[in-house]
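What follows is a single structure, written as structure tokens, with notes after it.
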Amino acid sequence: MEYEIKPSERFKLGLREIWQYRELFYFFAWRDIRVKYKQTVLGFAWALLQPLAFMLVLTLVFRRNINDLSIPYPLFAFSGLIIWNVFTGGITGAANSMVTNAHIIKKIYFPRLIIPVSSVLVALFDFLMTLPLLAALMIWYKVAPEWGNIWMLIPAILLAVLAATGPGCFLAALNVKYRDFRYVIPFLVQLLLFVTPVIYPANYFSNPLVQKILALNPMSAPVNMFRSFITGETLNTELCLISIASAVVFMAAGLYVFRKTEKHFADLA
Amino acid sequence: MKPILEIASLSKKYSLRHEQHGYKTLRESMMNIFHSRATSEEFYALNNVSFDVEAGETIGIIGKNGAGKSTLLKILSRITYPTAGKITVRGRIASLLEVGTGFHPELSGRDNIYLNGSILGMMRKEIDKKFDEIVDFSGTERFLDTPLKHFSSGMQLRLAFAVAAFLEPEILIIDEVLAVGDAEFQKRCIGKMEAVSKSGRTILFVSHNMGAVQALCSKGIYLKNGAIEKIGGTPEVIQYYLNDQPVSDTARITKGKVHQIAQVKAEHNGEIVHVEAVVESANTGAVAMDLRLTTINMEPSGFGSLGTFNPDHKIQLKEGKNTIQFSFPTGKLANGLYYLSLDLTEPDKEYFDRADQVLMIEIANAAEIQHGRSLQLGWNYGPLKIDITRKA
């Protein structure tokens, strides 16, 4: 093993090195999951309670306004919320991850990218915990899923992770330098909820231009794809592709900014 | 064989910004685009440092605070990047810059071993294999499933060091770990470090503990203001470093007293140290001269006197220059570097002069013939060898 430590390098993702350290993804995520629910009476139930409570509120407010749905509104809202939470949990965790792990960054070297990505994995874990509850709700409302669309779950989840990772890395890098982003993130995430088809269905806006603009949101494709497993609706391929492309662009930009600034993290954090 | 580490013209520049806030806000940065109010000053933490490290060498890096020691280690462990220059590394580096990195207080001892181990670059399988040894070395087996926050700080440290000690890197970087922990644990640490260096691995050791540097390192590097001031054999470099400290007059409590120590010289041949002191006197008088030995970490190690215990041994001084010569045996002292201090008093009456750490002497008793081993200060058993006799 021979390597060089030099001032500046060409841009590289460093995937080979990340592979060498792959176990760290697991250990960081595992630590965060264990610590998150330590010293709580309800433990993992918190992962279920939050979307459930939010679902109840949404149902009380919107049940009467949104009525051209093929499934009951609570189920509609819940299915949207849990995949949405992969994004919000992931992006919030990732954005703060570099600052909360500053004590480690300042002392030990490992590919820094592992830290924000592991934070997204924590959000993914919470999501997986809520899946049985989703199944229970489907049984309760006697809604049969569209088994033909079951393959959609995989790209939906992967896209949600992708959508959280890109901006998450971007914000993590900026947060190290400008702590303003600590305050921007919750606000940003709240705003985004209203331009994502979580509370309302994708066809809520009929103007095709508005639909296209809203599709720029990287989360619109994963939410619609995930839900199509339950509703059986066919998706608008064009809008999905816009959203996926947007997610990929954000991912590339996020990784680029992160890798560019990561060398200075230890000096700044 | 190529050197395991090649450090070539390494520099690290920091820009010191003279402004109030510790970290930036966006508004500040934006305002600075238009008119930069903050003045900045360039500061080289490391300036054109070059040296090679051969595999298996144990190198001690010494220097005052702010000399660039920690910056060098940080660059080596890739926590921060150099501004210029290049390091070629041929092996895995593990750093004990701070042991216990990544420990989480809410997790159990067991969990923390795995977490810390993997952050330090061990694979899960490796940790599984060494787990029992790590626990053994740390001596915390009873508390393995207790959250770390209930550990005493000493136990946390032991656990942390144990994990790090079982990393098997080709190059180990150690920064001041020995400053903490109880004596018994320090001894174990030094033992472990010796074992590591004997197994052919390379160690870079930064410490203010000259005794430990001397005991462990074959080669020394003295950093001063970001540059290498001296590089060479450990005793030579330590000696140079200690002599390079400005000798202050403040240690002297007397000014204008009747008797003053003007000059001190010492030389030793084998097991005897000869000291020659010149005392300037404004008057005649009978005084006692005391000899104090301290280790270079300022631990008092020995005391001897002409006149303090026995009035018959007092020194009669005449007006003008007096040359006083005496000698003492070193046979019972551990090998290492000591400071020599002299006091001039009239017991129970007056303190004439106190010359603190006027000289540094190196005591190097020959090894005990049969075993090739002699007591070293760096072992931390104390400076005095006690001859014990077994009852027949």
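Values in this document were obtained by computation on a predicted structure and should not be read as measured data. Letters A, B, ... are given to chains in the order of the sequence lines, protein chains preceding strands, and every chain is numbered from 1.
If you measure heavy-atom distances from A/Leu24 to chain B, the contacts under 4.5 Å come from the side chain alone. For B/Asn112, no part lies under 4.5 angstrom from a heavy atom of chain A. Within the 4.5 angstrom heavy-atom criterion, only side-chain atoms of A/Phe110, from C-beta onward, approach chain B. Of the two parts of B/Ile75, the backbone and the side chain both hold a non-hydrogen atom closer than 4.5 Å to a non-hydrogen atom of chain A. For B/Thr83, the part sitting under 4.5 Å from any heavy atom of chain A is the backbone (N, CA, C, O) and nothing else.
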Only pairs under 3.5 Å count here: list side-chain donor-acceptor contacts from residues 120-133 of chain B, not counting sequence neighbours, and write none if there are none.
{"residue": "B/Glu126", "atom": "OE1", "partner": "B/Met123", "partner atom": "N", "Å": "3.1"}
{"residue": "B/Asp128", "atom": "OD1", "partner": "B/Tyr114", "partner atom": "OH", "Å": "2.4"}
{"residue": "B/Lys130", "atom": "NZ", "partner": "B/Phe166", "partner atom": "O", "Å": "3.0"}

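Expressed to the nearest 0.5 Å, how far CH2 of A/Trp30 lies from CG of B/Asp111 amounts to 3.5 Å. Here B/Ile119 contributes atom CD1 and A/Arg31 contributes atom CZ; the two are 6.0 Å apart, rounded to the nearest 0.5 Å. One finds the CZ atom of B/Phe103 at 11.0 Å from the NE2 atom of A/His103 (value rounded to the nearest 0.5 Å). For the atom pair OG1 (B/Thr80) and CZ (A/Phe265), the distance works out to 12.5 Å, reported to the nearest 0.5 Å.
Within 6.0 Å of atom CG in B/Asn225, 12 or fewer heavy atoms from other residues, nucleotides or ligands are found, so the atom counts as exposed in its surroundings. Within a 6.0 Å sphere centred on CZ of A/Phe258, other residues, nucleotides and ligands contribute more than 12 heavy atoms. Annotation for A/Phe250: atom CZ does not count as buried by contact number, only 12 or fewer foreign heavy atoms lying within 6.0 Å. Residue-environment remark: OH (B/Tyr14) exceeds the threshold of 12 foreign heavy atoms within 6.0 Å.
Highest contact tally toward chain A, considering only B/Ser11, B/Gly85, B/Ala84, is held by B/Gly85 [criterion: heavy-atom pairs under 4.5 Å]. Chain A forms more heavy-atom pairs under 4.5 Å with one residue of B/Leu10, B/Ile4, B/Ile7, B/Leu107 than with any other, namely B/Leu107.
Taking A/Tyr37 as the reference, A/Thr40, A/Phe44, A/Trp46, A/Ala47, A/Asp126 meet the side chain to side chain contact (heavy atoms under 4.5 Å, CB included) condition, with sequence neighbours excluded.
Contact between A/Lys107 and B/Ile79 at its shortest, heavy atoms only, is O-CD1, 2.7 Å.
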